[in-house]
Amino acid sequence: DDDDDDDDEDDDDSGHAEAPDKSSSLNSLTRLCCNIQAHILWLHRSITATDLTADVFTTILGAITYISTKHTWNQDYLKLGELDMFEIIQRLRPELVAWLERARGPRKSAAVRLEVSNALDAVFKATVGEDL
């Protein structure tokens, strides 16, 4: 019966089903992660520098870094609009810089400098894939 032959299209010559393409699975997971990071940014879109903590700073900067390095722009992969994402990133950027400025200058406390240093280190480690 010819209908039985159509069911075996995914089988290779040995009769085993072919493994899914790792590249397309990775692309799907990367797109999903970009969407999650975009939603994280959307949730933090109205935060101000005075409301930032080291953990929130790390989360926001990590999301921006992930999207900037992993997302393929102009492909409509994000569930949130890319223009909206760009606007949110631009809106958050001065707040992040203002939070970083707290550690600038010779009279700033060692605790503030350490907090900023640890936050930036955490973003770096997350970006390069090291365990935190």
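No experiment lies behind these values; they were computed from the predicted model shown.
Proximity of F57 to T53: side-chain heavy atoms (C-beta onward) are nowhere separated by under 4.5 Å. S109 places a side-chain heavy atom less than 4.5 Å from the side chain of V112. Between W73 and I67 there is a side-chain heavy-atom pair separated by less than 4.5 Å. Side-chain atoms of L120 and L61, non-hydrogen and from C-beta on, do get closer than 4.5 Å to each other. At least one side-chain heavy atom of C33 sits less than 4.5 Å from a side-chain heavy atom of Y66. Using a 4.5 Å cut-off on side-chain heavy atoms (C-beta onward), L80 and N35 make no contact. Contact check for K79 versus H39: side-chain heavy atoms found under the 4.5 Å cut-off.
Among all heavy-atom pairs drawn from L52 and V56, the shortest one is CD2-CG1, 3.6 Å. Closest non-hydrogen pair, L41 versus I60, comes out as CD2-O, 3.7 Å. Residues A98 and A49 approach most closely at CB-CB, 3.6 Å, considering heavy atoms.
For the atom pair R91 CZ and I47 CD1, the distance stands at 9.0 Å (nearest 0.5 Å). Summarising the geometry, atom CG belonging to L29 is positioned 12.0 Å from atom NZ belonging to K70; distances are rounded to the nearest 0.5 Å. In this structure, CD1 on I64 lies 11.0 Å from OG1 on T59, to the nearest 0.5 angstrom. To the nearest 0.5 Å, the span separating CZ on R31 from CD1 on I36 amounts to 13.5 Å. In this structure, the separation between CD on Q75 and CD on E82 is 8.0 Å, given to the nearest 0.5 Å. To the nearest 0.5 angstrom, D84 atom CG is 10.0 Å from L78 atom CG.
Under the 3.5 Å distance criterion, with hydrogens and angles disregarded, no donor-acceptor pair is assigned to the side chains of H71 and Q37. Looking at T58 and D55, their side chains never bring a donor and an acceptor atom within 3.5 Å of each other.
Residues passing the salt bridge (Lys or Arg N to Asp or Glu O under 4.0 Å) test with R45: none are found, sequence neighbours excluded. In this structure, W42 has no ring-ring contact (aromatic ring centres under 6.0 Å, His included) partners at least two apart in sequence or on a different chain.
In the hydrophobic cluster analysis, where Ile, Leu, Val, Met, Phe, Trp and Tyr join through side-chain heavy atoms closer than 4.5 angstrom, I88 is grouped apart from I40. Hydrophobic clustering (ILVMFWY, side-chain heavy atoms < 4.5 Å, transitive): L100 and I89 are in one cluster. Under the 4.5 Å side-chain heavy-atom criterion for ILVMFWY residues, a single connected hydrophobic cluster contains both L43 and L92.
When atom types are taken as modelled, the side chain of R102 and the backbone of W99 share a donor-acceptor pair closer than 3.5 angstrom. A donor-acceptor contact shorter than 3.5 Å links the side chain of T127 to the backbone of V123.
By the neighbour-count criterion of 12 heavy atoms within 6.0 Å, atom CD of E101 is densely surrounded, having more than that number from other residues, nucleotides or ligands.
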